[in-house]
Amino acid sequence: MTRYLHLVPLHKYSRFVSRFHTNKAAIVTKAANFTTTAATPWNTQLRNLSKHGQYYEALILYLQMLQSGATPNAFTFPFVLKSSASLSLPITGKQLHCHVFKLGCESEPFVQTALISMYCRCNLTESAQEVFDEIPQRSLTVCYNALISGYVQNCNFLNGFSLFTEMRQRGVPFNAVTFLGLVPGCTGPQYLWLGMSLHCLNVKCGLENDLTIANCLLTMYVRCASMELTRKLFDHIPEKGLITWNAMISGYAQNGLAAEVLELYHEMELLQVNPDAVTFVGVLSACANLGAQKIGLEVEEKIRSSGMRCNVFLKNALINMYARCGNLVKARIIFDEMPEKNLVSWTAIIGGYGIHGFGNIAVELFDKMIKTGIQPDGTVFVSVLSACSHAGLTKKGVNYLDLMKREYGLKPCSEHYSCIVDLLGRVGRLEEAHKLIESMEVEPDGAVWGALLGACKIHKNVELAELAFNKVVELEPTNIGYYVLLSNIYTEANNSEGILRVRLMMRERKLKKDPGYSYFECKGKTHLFVAGDRSHPQTKEIYKLLNRLEDTASQHGGANTNGQEVINQEPPNIMGVHSERLAIAFALLNTEIGTDILVIKNLRICGDCHLFVKRVSKIVDRLFVVRDATRFHHFRNGTCSCNDYW
DNA sequence: ATAGGGTTAG
């Protein structure tokens, strides 16, 4: 029996064991005192450990079992295989497979299935397939189920699906678990029709009342980006469980439908369905997208009062919510107090500082994160690069792109390049930015060319702007913002022919300027304005204040991003007074000094309003403008810390 | 006694 001893090096696990509760360790010790060589008492202990997720302990117990001279049997292996699978220990798993052979347990169906599952969970689907192929009577539904879900979880949906087809051809009965393994493989719009046919099959088999399957299908529709079908299914589920609600809420949140999230959350409250951590994560994500700090605060209070243990997911969601709503102090406190921060926590706080113009802090935190030994990924690089671009840290940003490629072997995608283009473009290195786009190893998307177009506006380069515009409308022909941007570039260049050409193009393509809106959250109520709005009860005062502001502001003059005088006036909105101006005036009328944040949506459409904001912030010392979630403007106390035109 | 499954963040 001593030959088994090198199966799992004991010292490797002892440090994990010491981290567990002492009473759990006591089970191990107690078991180690067995003098019997019979397998049964060991198996019982193994079952207890694996049932409670004590996988390391289970493996150690198995070692002790071998040491004591007991011989494992067919009942032993499923528990230990599950343990090595859960811990993703392929070497241990393979050694266990050898033991299975040595002890002649390889033809036990339960062991075979456990082996397939173990290999799949260690990302060794080929080995799993080998085990599967060795099974003579391949009629076992569970073996198929294990391998199908294994393929799906290893991102090989097509193999999983063809196994399902084989199963049906052979007449092997499938069941609910087959669906649960297969359906999550439909992870994109291209699989929607397959997912729908599985849904139909599921109804045909009379499994439609299985709540677990319904939840699974719901998530499938979310992943296929079909929120209408998701909602339709949701409405048809008669007795929804908490997971059903959570799947719907996080589905909306993941697809950016923040208003729907809050509506659903409210409905949950009315029906007195008790939310859990997963629910709150979705709701907080919606608050972050809307900049709705008030609701976020309520949610935090609710979490506290419910005595819920705040897990990492929830803490990260809170950090993200506060950071995006502009409350960096609160976000930082939560971040600092986290005993174990993960990559997402760092990304959230770095991104928070970045979008509010505190590029230096963001960069500092990023470097600290690297020192902590956390391996960065593409997303955290997006955060730090955009932080650099918002704060004008050109050199740092370029260095990070290099670091990302060289040190970490990460392939930059369009998002990274658009940050760098923005960065170079803003300081006037337009040609360099253009060359970078041409040299990209991935196809540039609209945002990349859009960043160049925006930079062309700042530096009044009409020629390059036309080039960028032609590229960008090819990629995003219906994005009105780009037409407006080019039109504004022509306006500044006094090129009336160009303006006409853009207008004509918009008319030909039947593009109408989206009614931009701005809103301001005040005393728990959201006040929404559209351009030329006169429906608000305070309309009179708002317009009066606006006139006064315009007068004072024009006396103060303005400066463009190079510090030169702005010669031309902002083009008036054809719809009337810009919605941003109305919201700003309303906010100034109704807020206390220094306490409120004004959230402006859709500045992208009439970006020229920022000149107004800039001028106003020179004469009003409490203006703090946060733009929508993707790109924020930051002006404070009259100093513009961000030259962002977009 | 033993195998296969649904919801969470940047």
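Per chain, numbering begins at 1; letters A, B, ... match sequence-line order.
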OP1, OP2 of dG10(B) versus side-chain N and O of S383(A): anything below 4.0 Å?
-> no

Kindly indicate, with the supporting measurements, whether the criterion side chain to side chain contact (heavy atoms under 4.5 Å, CB included) is fulfilled by F381(A) and E415(A).
-> CA-CA 10 Å; F381(A) 270 107; E415(A) 243 179 310; over 6 Å; no

Which part of the nucleic acid does F79(A) contact within heavy-atom distance under 4.0 Å: base, sugar-phosphate only, or nothing?
-> sugar-phosphate

With a non-hydrogen cut-off below 4.0 angstrom, is A74(A) in contact with a base, only sugar-phosphate, or nothing?
-> base

Any idea which of dT8(B), dG6(B), dG4(B) is nearest the T212(A) side chain?
-> dG6(B)

Step through the shown structure and confirm whether more than 12 heavy atoms of other residues, nucleotides or ligands are within 6.0 Å of CD on E269(A).
-> yes

Ignoring backbone atoms, establish whether T113(A) has a side-chain N or O less than 4.0 Å from OP1 or OP2 of dG4(B).
-> no

Indicate, yes or no, whether a donor-acceptor pair under 3.5 Å links the base of dG10(B) to the side chain of D377(A).
-> yes

Here the distance between atom C1' of dA9(B) and atom CZ of F335(A), to the nearest Å, is 14 Å

If you check the R47(A) side chain, which of dA1(B), dG4(B), dG5(B) turns out closest?
-> dA1(B)

Contact class for L242(A) vs. all strands (heavy atom < 4.0 Å): base, sugar-phosphate, or nothing?
-> nothing

To the nearest Å, give me how far apart CE (M321(A)) and P (dA9(B)) are.
-> 16 Å

Rounding to a whole Å, what distance do you find between I243(A):CD1 and dT7(B):P?
-> 8 Å

Find the distance L211(A):CG to dG6(B):C1' and express it as a whole number of Å.
-> 8 Å

Quickly work out the R121(A) CZ to dA3(B) P distance and round it to whole Å.
-> 12 Å

Under the 3.5 Å rule, do the base of dA9(B) and the side chain of N342(A) count as making a donor-acceptor pair?
-> yes

Answer yes or no: does a side-chain N or O of Q254(A) lie under 4.0 Å from OP1 or OP2 of dT7(B)?
-> no

Does a donor on one side chain and an acceptor on the other come within less than 3.5 Å for S162(A) and N159(A)?
-> no

To the nearest angstrom, the CG-C1' distance between L198(A) and dG5(B) comes to 15 Å

Using a 4.0 Å heavy-atom cut-off across all strands, classify N43(A) as base, sugar-phosphate, or nothing.
-> base

Taken to the nearest whole Å, CD1/I350(A) to C1'/dA9(B) is 15 Å

Output the single nucleotide from dT8(B), dG5(B), dG10(B) whose closest atom is nearest the side chain of L180(A).
-> dG5(B)

Among dG6(B), dG4(B), dA1(B), the one nearest any side-chain atom of V177(A) is dG4(B)

Got a salt bridge between E228(A) and K232(A), using NZ or NE/NH1/NH2 to carboxylate O under 4.0 Å?
-> no

Does a salt bridge link D235(A) with R231(A), judged by any charged N lying under 4.0 Å from a carboxylate O?
-> yes

From the candidates dG4(B), dA9(B), dA1(B), the one with an atom nearest any side-chain atom of T40(A) is dA1(B)

N360(A) and E364(A) side chains, donor-acceptor separation under 3.5 Å | no

Between dT8(B), dG10(B), dT2(B), spot the one nearest the side chain of F110(A), thanks.
-> dT2(B)

Touch class at under 4.0 angstrom, heavy-atom based, for R223(A) against every strand present = sugar-phosphate

Would you say whether F75(A) stacks on dA1(B)? The test is a distance between ring centres of less than 5.5 Å and an angle between planes of less than 30°.
-> yes

So does N320(A) get a side-chain nitrogen or oxygen closer than 4.0 Å to the phosphate oxygens (OP1/OP2) of dG10(B)?
-> yes

With sugar-phosphate meaning primed atoms plus P, OP1 and OP2, does S250(A) contact a base, only sugar-phosphate, or nothing at under 4.0 Å between heavy atoms?
-> sugar-phosphate

Proximal nucleotide (of dT7(B), dG10(B), dG4(B)) relative to the T379(A) side chain = dG10(B)

Rounded distance (Å) that lies between atom P of dG6(B) and atom CD of E239(A) | 22 Å

How about T212(A) and N215(A): does a side-chain donor come under 3.5 Å of a side-chain acceptor?
-> no

Looking only at side-chain atoms of R324(A), point me to the closest of dG10(B), dG6(B), dT8(B).
-> dG10(B)

